[in-house]
Colleague: 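Please see the structure below; I have some questions.
Computed from heavy atoms alone, side chains included, the values below leave out hydrogens, waters and symmetry copies. Note that ligands are numbered from 1 as they come in the structure, with each ligand's atoms numbered from 1 the same way.
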Amino acid sequence: MAKTQIEKKAPIKYQFFALTPQGAGPIAEQELLELGLAVTHTESSGVAFEGQLAAGYTAILWSRVASRVGLLLSRFEAASDAMLYQGAMEIAWEEHFAVPNTFAVDVTGAASFVLNTKYAAQRVKDAVADRFRDRFGARPSVDTKNPDIRLLLHLGPKNASIYLDISGGGLHQRGYREHTGPAPLRENLAAIILLRCGWPQIARRGGALLDPMCGSGTLLIEGAMMAADIAPGLFRKKHGFECWKGHDLQIWENLINNARSKAREKKRSLPPIVGGDKDPAVVKAAMKNAFRAGLADFIVVRCRDVSLLAPPKNHYAGGLVISNPPYGERMGQLEDLEKLYSDFGRALREKFNGWKAAVFTANPSLAGRMGINPASRDEYYNGPIACQLVQYAVSPANFEKQ
Ligand SMILES: C[S@@+](CC[C@H](N)C(=O)[O-])C[C@H]1O[C@@H](n2cnc3c(N)ncnc32)[C@H](O)[C@@H]1O
């Protein structure tokens, strides 16, 4: 008897890797577990997880911490240049993209046989091009700036892994920030800082979020998006899977539609989110960014000096005061900065009993001017600059003896 039903293929289980800033792997692990993803392994700068395509798409749309998400194409032994080329040559590239597409190869990690990561990238590019040329007589071109397909080569001591970068470049570029001040925080670093300070839990109990030196408003906008359950990837225009032959538009659109309706629901119940900055141009930029994120009605930004910092009127649920003040590396002179941190600390001691506070700074000795004993210190990198997140529980028991 003829078969009447078309046999359904079993869905493919993929291996993914979410790259994070150094030190943020465990925070991303927690986040991906809360998103219901199956984490298999966590490192200081990333998390491996597995699942069907929707798992990778979920991470792209919902991870606030990840910098990129890669879908594993192959992992193979590579102890020499020739093995790297051979391993890359064996990937069925023609199943993933086509000759008219452009591509690029980025490299992370290190291996003893690789003295120059650019050369390793070149070997993978050669393998891709040679495989296409052998089969089709033509090869895809390389475009390092805006490729259709971005590949990630990760080198380990004995193995190489090649991923398709399904995020298509930095996930920190959320798309809401067109206007910045002089030293903006990366959006995913701002999210990491807020998660580390327990902001989602504070928001759930009605606590406020204040940033008295808010610059372009990154901490405020990321904080509002977290509290309102707005997917961080909702405003991104371009993704790395768009030209990939395995892309499933239906799965992506379902996730996007679901994220859109969630964002509409929860905005109305946001707690007070208030920023300040002494620079009027920067205040304008923060307001424009909040507008672009659809949060203009929920974030207030005022032009004022940190010394005038006060809790929002008629707000009694406490909250989090967090800031990334200037720290001298890129702006500000030391004496002025000492006064700035001490003004900030005084305002906290006088008016914020019972609140949590935090500063993110590349100059931990300036944090010493706050006059409050820190509850914790964590180290993160803001680009190439080593920074500390210093947290405080604002209470007379923790004030330094003057
Ligand atoms: C490092 S930037 C903050 C960047 C911000 N986190 C962002 O992502 O755009 C520090 C900000 O502190 C502001 N600032 C400096 N001194 C201030 C003061 N006394 N009162 C209020 N804001 C001040 C600066 O204008 C600057 O925008």
Colleague: Regarding E222 and R174, does a basic nitrogen lie under 4.0 Å from an acidic carboxylate oxygen?
Modeller: yes
Colleague: Please check if the side chain of N101 supplies one atom and the backbone of D148 the other of a donor-acceptor pair under 3.5 Å.
Modeller: no
Colleague: N/O of D277 under 3.5 Å from N/O of ligand 1, yes or no?
Modeller: yes
Colleague: Please say whether D211 places an N or O atom under 3.5 Å from an N or O atom belonging to ligand 1.
Modeller: no
Colleague: Would you mind running through ligand 1 and noting each atom that sits below 4.0 Å from a heavy atom of T218?
Modeller: 7 (C), 8 (O), 9 (O)
Colleague: For ligand 1, which atoms, with element, lie under 4.0 Å from some heavy atom of D279?
Modeller: 25 (O)
Colleague: Please classify the D343 to ligand 1 contact at 4.0 Å (heavy-atom distances, strictly less than): side chain, backbone, both or neither.
Modeller: neither
Colleague: So among L152, T20, T108, I60, which one has a side chain to side chain contact (heavy atoms under 4.5 Å, CB included) with R68?
Modeller: L152
Colleague: State whether D343 and R346 are salt-bridged, where the test is any N-O pair (Lys NZ or Arg NE/NH1/NH2 against Asp/Glu carboxylate O) under 4.0 Å.
Modeller: yes
Colleague: Do N257 and E253 have side-chain N/O donor and acceptor atoms under 3.5 Å apart?
Modeller: no
Colleague: Are A190 and ligand 1 in contact, using a heavy-atom cut-off of under 4.0 Å?
Modeller: no
Colleague: Suppose I only count heavy atoms of N324 and a 4.0 Å limit; which atoms of ligand 1 are within that range?
Modeller: 1 (C), 2 (S), 3 (C), 4 (C), 5 (C), 6 (N), 10 (C)
Colleague: Would you say ligand 1 has an N or O under 3.5 Å from any N or O of P325?
Modeller: no
Colleague: Please classify the S307 to ligand 1 contact at 4.0 Å (heavy-atom distances, strictly less than): side chain, backbone, both or neither.
Modeller: neither
Colleague: Is it true that the NZ or CZ of K262 lies under 6.0 Å from the centre of W62's six-membered ring and within 45 degrees of the ring axis?
Modeller: yes
Colleague: Tell me whether ligand 1 is touched by L219 - counting only heavy atoms on the residue side and a distance under 4.0 Å.
Modeller: no
Colleague: Find all atoms of ligand 1 within a distance of less than 4.0 Å from any non-hydrogen atom belonging to S216, and give their numbers and elements.
Modeller: 7 (C), 8 (O), 9 (O)
Colleague: Given 3.5 Å as the limit, does a donor-acceptor pair link the side chain of K267 with the main chain of D229, or not?
Modeller: no
Colleague: List ligand 1 atoms under 4.0 Å from P184, heavy atoms only on the residue side.
Modeller: 7 (C), 8 (O), 9 (O)
Colleague: For residues 75-85, which residue pairs pass the side chain to side chain donor-acceptor pair (under 3.5 Å) check, not counting sequence neighbours?
Modeller: R75-S161, R75-Y163, D81-Y119, D81-R123, Y85-D130
Colleague: Hey, which atoms in ligand 1 end up nearer than 4.0 Å to a heavy atom of P212?
Modeller: 21 (C), 22 (N)
Colleague: Between K288 and E178, does any NZ, NE, NH1 or NH2 come within less than 4.0 Å of an OD or OE carboxylate oxygen?
Modeller: no
Colleague: Could you list the donor-acceptor pairs under 3.5 angstrom formed by side chains in residues 357-371, with sequence neighbours left out?
Modeller:
from	atom 1	to	atom 2	distance (Å)
T361	OG1	Y341	OH	3.1
T361	OG1	N363	N	2.9
N363	OD1	S365	N	3.3
N363	OD1	S365	OG	2.7

Colleague: Using a 4.0 Å heavy-atom threshold (strictly under), name the region of A286 that reaches ligand 1: side chain, backbone, both or neither.
Modeller: neither
Colleague: Contact between ligand 1 and P326 is defined here as a heavy atom of the residue under 4.0 Å from a ligand atom; is it met?
Modeller: yes
Colleague: Is any side-chain heavy atom of R177 closer than 4.5 Å to one of T218?
Modeller: yes
Colleague: Can you list the ligand 1 atoms lying under 4.0 Å from a non-hydrogen atom of D305?
Modeller: 18 (C), 19 (N), 20 (N)
Colleague: Geometry only, no angles: is V282 polar-contacting ligand 1 at N/O separations under 3.5 Å?
Modeller: no
